Amino acid sequence: MSAPDGPVRRRMRPREAAVIALPNGFTLANLFFGIFGIVAASRGDFDAAARFIVFGGIADALDGRIARATKSGSRFGEELDSLVDAISFGTAPALIMYFAVFQSSRWEWIFCFFFTACAVMRLARFNVEQAGRKTTHFAGLPSPAAGGVLATYYWFSQTSLYTETIVADLPWHQMLRFLMLGLGMLMISNVQYAKFPVVNFRTLQGMLGFLLVIGTLIGVIFLPKQFFFPAGMAYVLYGIGRTVFLGLLDRLPGRDPSGDDDDDDSESAPPRRRRRRRRSQRNPSGPDTGREDKPA
(Lines give C-alpha, C1' and ligand atoms only; values in the text may rest on other atoms or scores of the structure.)
Protein backbone atom coordinates (compact mmCIF):
# COMPACT_ATOMS: atom_id res chain seq x y z
CA MET A 1 0.00 0.00 0.00
CA SER A 2 1.26 3.44 -0.84
CA ALA A 3 1.91 6.00 1.90
CA PRO A 4 -0.77 8.68 2.30
CA ASP A 5 -0.08 11.99 0.60
CA GLY A 6 0.85 14.91 2.86
CA PRO A 7 1.44 14.98 6.63
CA VAL A 8 -0.81 12.96 8.88
CA ARG A 9 -2.42 15.08 11.58
CA ARG A 10 -2.24 13.67 15.08
CA ARG A 11 -5.66 13.39 16.66
CA MET A 12 -5.89 15.58 19.75
CA ARG A 13 -6.62 13.74 22.95
CA PRO A 14 -9.61 14.88 25.05
CA ARG A 15 -7.31 15.92 27.90
CA GLU A 16 -5.17 18.06 25.57
CA ALA A 17 -8.27 19.68 24.10
CA ALA A 18 -9.54 20.49 27.60
CA VAL A 19 -6.20 22.07 28.56
CA ILE A 20 -6.26 24.26 25.45
CA ALA A 21 -9.88 25.29 26.04
CA LEU A 22 -9.34 26.16 29.73
CA PRO A 23 -7.75 29.63 29.34
CA ASN A 24 -10.24 30.56 26.62
CA GLY A 25 -13.00 29.51 28.99
CA PHE A 26 -11.79 32.07 31.52
CA THR A 27 -11.70 34.67 28.73
CA LEU A 28 -15.32 33.91 27.86
CA ALA A 29 -16.18 34.10 31.57
CA ASN A 30 -14.75 37.63 31.49
CA LEU A 31 -17.10 38.39 28.57
CA PHE A 32 -20.04 36.88 30.48
CA PHE A 33 -19.40 39.13 33.48
CA GLY A 34 -18.99 42.17 31.25
CA ILE A 35 -22.32 41.60 29.50
CA PHE A 36 -24.02 40.77 32.80
CA GLY A 37 -22.64 44.02 34.24
CA ILE A 38 -24.30 45.99 31.44
CA VAL A 39 -27.61 44.18 31.99
CA ALA A 40 -27.48 44.77 35.75
CA ALA A 41 -26.75 48.49 35.24
CA SER A 42 -29.66 48.82 32.80
CA ARG A 43 -31.90 47.42 35.54
CA GLY A 44 -30.57 49.90 38.11
CA ASP A 45 -28.60 47.31 40.09
CA PHE A 46 -25.28 49.17 40.08
CA ASP A 47 -23.94 47.25 43.07
CA ALA A 48 -24.15 43.98 41.12
CA ALA A 49 -22.82 45.67 37.98
CA ALA A 50 -19.63 46.72 39.76
CA ARG A 51 -19.26 43.23 41.24
CA PHE A 52 -19.46 41.64 37.79
CA ILE A 53 -16.75 43.92 36.40
CA VAL A 54 -14.50 42.95 39.32
CA PHE A 55 -15.21 39.27 38.63
CA GLY A 56 -14.34 39.89 34.98
CA GLY A 57 -11.03 41.43 36.03
CA ILE A 58 -10.22 38.33 38.09
CA ALA A 59 -11.01 36.07 35.12
CA ASP A 60 -8.86 38.27 32.89
CA ALA A 61 -5.95 38.01 35.31
CA LEU A 62 -6.23 34.22 35.43
CA ASP A 63 -6.62 33.30 31.75
CA GLY A 64 -3.14 34.38 30.71
CA ARG A 65 -1.50 32.77 33.71
CA ILE A 66 -3.31 29.50 33.05
CA ALA A 67 -2.28 29.57 29.38
CA ARG A 68 1.32 30.17 30.40
CA ALA A 69 1.28 27.44 33.06
CA THR A 70 -0.27 24.86 30.72
CA LYS A 71 1.68 26.03 27.63
CA SER A 72 -1.59 26.16 25.72
CA GLY A 73 -1.28 29.65 24.26
CA SER A 74 -2.44 30.46 20.75
CA ARG A 75 -2.91 33.47 18.51
CA PHE A 76 -6.66 32.81 18.64
CA GLY A 77 -6.61 33.19 22.44
CA GLU A 78 -4.63 36.42 22.17
CA GLU A 79 -7.11 38.02 19.78
CA LEU A 80 -10.10 36.71 21.74
CA ASP A 81 -8.72 38.24 24.91
CA SER A 82 -8.34 41.69 23.36
CA LEU A 83 -11.86 41.67 21.92
CA VAL A 84 -13.34 40.61 25.26
CA ASP A 85 -11.33 43.25 27.17
CA ALA A 86 -12.73 45.93 24.87
CA ILE A 87 -16.23 44.96 25.99
CA SER A 88 -15.65 44.17 29.67
CA PHE A 89 -13.31 47.08 30.46
CA GLY A 90 -14.34 49.57 27.78
CA THR A 91 -18.03 49.33 26.87
CA ALA A 92 -19.36 47.87 30.13
CA PRO A 93 -17.86 50.43 32.57
CA ALA A 94 -18.86 53.29 30.26
CA LEU A 95 -22.47 52.07 30.11
CA ILE A 96 -22.54 51.54 33.88
CA MET A 97 -21.51 55.18 34.26
CA TYR A 98 -24.16 56.21 31.72
CA PHE A 99 -27.02 54.41 33.48
CA ALA A 100 -25.85 55.52 36.93
CA VAL A 101 -24.96 59.18 36.28
CA PHE A 102 -25.51 60.48 32.75
CA GLN A 103 -28.84 58.96 31.68
CA SER A 104 -30.85 62.12 32.35
CA SER A 105 -28.74 64.15 29.89
CA ARG A 106 -29.12 64.12 26.12
CA TRP A 107 -25.50 64.62 25.20
CA GLU A 108 -23.29 63.25 27.99
CA TRP A 109 -23.28 59.81 26.36
CA ILE A 110 -20.40 61.22 24.29
CA PHE A 111 -18.13 60.69 27.31
CA CYS A 112 -19.03 57.00 27.22
CA PHE A 113 -18.12 56.86 23.54
CA PHE A 114 -14.79 58.61 24.16
CA PHE A 115 -13.84 56.24 26.98
CA THR A 116 -14.77 53.15 24.94
CA ALA A 117 -12.90 54.42 21.88
CA CYS A 118 -9.75 55.01 23.94
CA ALA A 119 -10.00 51.50 25.45
CA VAL A 120 -10.26 49.96 21.97
CA MET A 121 -7.32 52.00 20.67
CA ARG A 122 -5.28 51.16 23.77
CA LEU A 123 -5.80 47.41 23.24
CA ALA A 124 -4.97 47.67 19.54
CA ARG A 125 -1.77 49.60 20.28
CA PHE A 126 -0.80 47.11 22.99
CA ASN A 127 -1.11 44.20 20.55
CA VAL A 128 1.08 46.02 18.01
CA GLU A 129 3.75 47.46 20.30
CA GLN A 130 3.98 45.34 23.46
CA ALA A 131 2.40 41.93 22.92
CA GLY A 132 4.95 39.14 23.19
CA ARG A 133 7.68 41.37 24.63
CA LYS A 134 8.99 41.19 28.16
CA THR A 135 8.61 44.58 29.84
CA THR A 136 8.35 45.77 33.42
CA HIS A 137 5.86 48.54 32.66
CA PHE A 138 2.78 49.15 30.52
CA ALA A 139 2.87 52.04 28.05
CA GLY A 140 -0.40 53.73 28.95
CA LEU A 141 -2.97 52.92 31.63
CA PRO A 142 -4.13 49.28 31.37
CA SER A 143 -7.77 48.99 30.34
CA PRO A 144 -8.75 46.73 33.30
CA ALA A 145 -7.49 49.40 35.70
CA ALA A 146 -9.35 52.20 33.89
CA GLY A 147 -12.55 50.17 33.65
CA GLY A 148 -12.29 49.05 37.25
CA VAL A 149 -12.00 52.63 38.50
CA LEU A 150 -15.18 53.64 36.69
CA ALA A 151 -17.16 50.54 37.61
CA THR A 152 -16.35 50.69 41.33
CA TYR A 153 -17.13 54.39 41.80
CA TYR A 154 -20.71 53.51 42.73
CA TRP A 155 -19.45 51.05 45.35
CA PHE A 156 -17.32 53.75 46.93
CA SER A 157 -20.16 56.30 46.85
CA GLN A 158 -22.26 54.05 49.09
CA THR A 159 -19.69 53.77 51.89
CA SER A 160 -19.28 55.88 55.03
CA LEU A 161 -15.81 56.82 53.79
CA TYR A 162 -17.64 58.76 51.06
CA THR A 163 -20.91 59.90 52.65
CA GLU A 164 -19.55 60.96 56.06
CA THR A 165 -16.48 62.85 54.87
CA ILE A 166 -15.70 65.95 52.85
CA VAL A 167 -15.43 63.75 49.76
CA ALA A 168 -19.23 63.74 49.42
CA ASP A 169 -19.25 67.55 49.10
CA LEU A 170 -17.19 67.49 45.93
CA PRO A 171 -19.06 68.11 42.61
CA TRP A 172 -18.82 64.49 41.50
CA HIS A 173 -21.33 64.81 38.65
CA GLN A 174 -19.02 67.28 36.92
CA MET A 175 -15.83 65.57 38.09
CA LEU A 176 -16.88 62.21 36.62
CA ARG A 177 -16.91 63.71 33.14
CA PHE A 178 -13.29 64.78 33.52
CA LEU A 179 -12.46 61.45 35.17
CA MET A 180 -13.71 59.57 32.10
CA LEU A 181 -11.81 61.92 29.80
CA GLY A 182 -8.66 61.60 31.90
CA LEU A 183 -8.78 57.82 32.10
CA GLY A 184 -9.37 57.59 28.36
CA MET A 185 -6.43 59.86 27.54
CA LEU A 186 -4.17 57.96 29.95
CA MET A 187 -4.98 54.69 28.18
CA ILE A 188 -3.64 56.02 24.88
CA SER A 189 -0.79 58.00 26.44
CA ASN A 190 2.86 57.05 26.96
CA VAL A 191 2.62 57.25 30.75
CA GLN A 192 4.41 54.26 32.28
CA TYR A 193 2.44 51.99 34.63
CA ALA A 194 4.07 49.17 36.58
CA LYS A 195 2.99 45.59 36.07
CA PHE A 196 2.37 43.14 38.90
CA PRO A 197 5.00 43.69 41.62
CA VAL A 198 7.92 41.30 41.98
CA VAL A 199 7.56 39.15 45.09
CA ASN A 200 10.63 37.67 46.81
CA PHE A 201 12.49 37.90 50.09
CA ARG A 202 15.97 38.53 48.69
CA THR A 203 15.65 42.22 47.85
CA LEU A 204 13.95 45.24 49.40
CA GLN A 205 11.85 45.69 46.25
CA GLY A 206 10.69 42.08 46.45
CA MET A 207 9.71 42.39 50.11
CA LEU A 208 7.82 45.63 49.40
CA GLY A 209 6.06 43.83 46.56
CA PHE A 210 5.07 41.04 48.95
CA LEU A 211 3.62 43.55 51.43
CA LEU A 212 1.73 45.27 48.62
CA VAL A 213 0.19 41.97 47.49
CA ILE A 214 -0.82 41.06 51.07
CA GLY A 215 -2.35 44.50 51.62
CA THR A 216 -4.26 44.22 48.35
CA LEU A 217 -5.65 40.81 49.26
CA ILE A 218 -6.77 42.08 52.66
CA GLY A 219 -8.51 45.07 51.09
CA VAL A 220 -10.19 42.98 48.38
CA ILE A 221 -11.47 40.35 50.81
CA PHE A 222 -12.52 42.43 53.82
CA LEU A 223 -13.19 45.97 52.48
CA PRO A 224 -13.94 45.66 48.76
CA LYS A 225 -16.30 48.64 48.47
CA GLN A 226 -13.97 50.96 50.36
CA PHE A 227 -10.84 49.60 48.72
CA PHE A 228 -11.22 49.29 44.94
CA PHE A 229 -11.94 52.87 43.87
CA PRO A 230 -9.32 54.61 46.10
CA ALA A 231 -6.73 51.94 45.24
CA GLY A 232 -7.47 52.34 41.53
CA MET A 233 -7.14 56.11 41.75
CA ALA A 234 -3.86 55.71 43.64
CA TYR A 235 -2.57 53.50 40.81
CA VAL A 236 -3.66 56.07 38.23
CA LEU A 237 -1.95 58.92 40.08
CA TYR A 238 1.15 56.79 40.72
CA GLY A 239 1.80 56.41 36.99
CA ILE A 240 1.40 60.14 36.40
CA GLY A 241 3.64 61.08 39.32
CA ARG A 242 6.31 58.55 38.38
CA THR A 243 6.42 59.73 34.77
CA VAL A 244 6.62 63.40 35.80
CA PHE A 245 9.35 62.66 38.37
CA LEU A 246 11.49 60.69 35.92
CA GLY A 247 10.95 63.37 33.29
CA LEU A 248 12.27 66.02 35.66
CA LEU A 249 15.27 63.84 36.50
CA ASP A 250 16.08 63.47 32.82
CA ARG A 251 16.29 67.26 32.52
CA LEU A 252 18.98 67.56 35.18
CA PRO A 253 22.41 68.61 33.83
CA GLY A 254 24.66 65.65 33.03
CA ARG A 255 21.79 63.17 33.24
CA ASP A 256 21.69 60.41 30.58
CA PRO A 257 17.98 59.82 29.77
CA SER A 258 18.70 56.51 28.04
CA GLY A 259 20.08 55.00 31.24
CA ASP A 260 16.83 55.30 33.21
CA ASP A 261 14.63 53.08 31.09
CA ASP A 262 14.22 49.87 33.02
CA ASP A 263 12.15 48.13 30.36
CA ASP A 264 13.66 45.19 28.57
CA ASP A 265 12.62 46.62 25.21
CA SER A 266 14.63 49.86 25.48
CA GLU A 267 16.39 51.17 22.40
CA SER A 268 19.75 50.89 24.14
CA ALA A 269 19.83 47.12 23.49
CA PRO A 270 18.91 46.40 19.86
CA PRO A 271 20.74 43.03 19.70
CA ARG A 272 18.65 41.71 22.59
CA ARG A 273 15.51 42.83 20.81
CA ARG A 274 16.54 41.03 17.62
CA ARG A 275 17.17 37.80 19.52
CA ARG A 276 13.79 38.07 21.21
CA ARG A 277 12.10 38.54 17.86
CA ARG A 278 13.73 35.44 16.46
CA ARG A 279 12.63 33.40 19.47
CA SER A 280 9.06 34.66 19.17
CA GLN A 281 8.98 33.51 15.54
CA ARG A 282 9.93 29.98 16.57
CA ASN A 283 7.46 29.86 19.49
CA PRO A 284 4.01 31.35 18.83
CA SER A 285 2.95 33.72 21.53
CA GLY A 286 0.30 32.53 23.94
CA PRO A 287 -2.83 34.35 24.95
CA ASP A 288 -1.08 35.90 27.90
CA THR A 289 1.22 37.90 25.64
CA GLY A 290 -1.68 39.99 24.45
CA ARG A 291 -3.38 40.21 27.78
CA GLU A 292 -3.24 42.95 30.30
CA ASP A 293 -2.91 41.65 33.81
CA LYS A 294 -5.05 43.57 36.28
CA PRO A 295 -2.75 45.83 38.28
CA ALA A 296 -2.30 45.12 41.95
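Hydrogens, waters and symmetry mates play no part in the numbers below; they use all other heavy atoms, side chains included. Start at 1 with the first residue, then count along the sequence. Bear in mind that the values here come from a model prediction, so they are computed numbers and not experimental data.
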Tell me, do [X] and [Y] make a side-chain contact under 4.5 Å, heavy atoms counted?
| X | Y | value |
| --- | --- | --- |
| Met187 | Ser143 | yes |
| Val167 | Trp172 | yes |
| Ile214 | Phe210 | yes |
| Thr159 | Trp155 | no |
| Val149 | Phe228 | no |
| Asp47 | Gln158 | no |
| Trp109 | Phe113 | yes |

Original post:
How many angstroms lie between atom CG of Asp63 and atom CD1 of Ile58, to the nearest 0.5 angstrom?
Top reply: 12.5 Å
**OP:** Could you walk me through whether Ile87 and Leu83 pass side-chain contact (heavy atoms from CB on, under 4.5 Å), step by step?
**Re:** CA-CA 7 Å; Ile87 296 173; Leu83 293 173; over 6 Å; no
Original post:
If two hydrophobic side chains count as joined below 4.5 Å and joins carry through other members, does Val236 share a cluster with Ile188?
Top reply: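 Cluster IDs for Val236 and Ile188 differ.
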Original post:
Is there a path of hydrophobic side-chain contacts, each under 4.5 Å between heavy atoms of I, L, V, M, F, W or Y residues, that connects Leu179 with Val191?
Top reply: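 Same cluster.
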Subject >> Donor-acceptor pair, side chain of Arg202 and main chain of Met207, under 3.5 angstrom >> reply: no
**OP:** Flag yes if more than 12 heavy atoms outside Met185 fall under 6.0 Å of its CE atom; otherwise flag no.
**Re:**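 Count not over threshold, so no.
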Subject >> Sequence neighbours excluded, every pair satisfying side chain to side chain donor-acceptor pair (under 3.5 Å) that has a member inside residues 144-154 >> reply: Tyr153-Tyr162
Subject >> Between Asn30 and Ser88: side-chain donor-acceptor atoms closer than 3.5 Å >> reply: yes
Original post:
Looking only at heavy atoms, what is the nearest atom pair of Cys112 and Tyr98, with distance?
Top reply: SG-CB, 3.5 Å
**OP:** Examine Lys225 relative to Phe156 and say whether NZ or CZ is less than 6.0 Å from the centre of the six-membered ring and inside a 45° cone about the ring axis.
**Re:**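 No; the conditions do not both hold, so Lys225 does not lie above the ring face of Phe156.
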Original post:
Between Phe36 and Phe32, does the ring centre distance come in under 6.0 Å?
Top reply: yes
Original post:
Which word best sums up how the rings of Tyr235 and Tyr193 line up, parallel for under 30°, tilted for 30 to 60°, or perpendicular for over 60°?
Top reply: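 The arrangement is tilted - the two ring planes meet at 30° to 60°.
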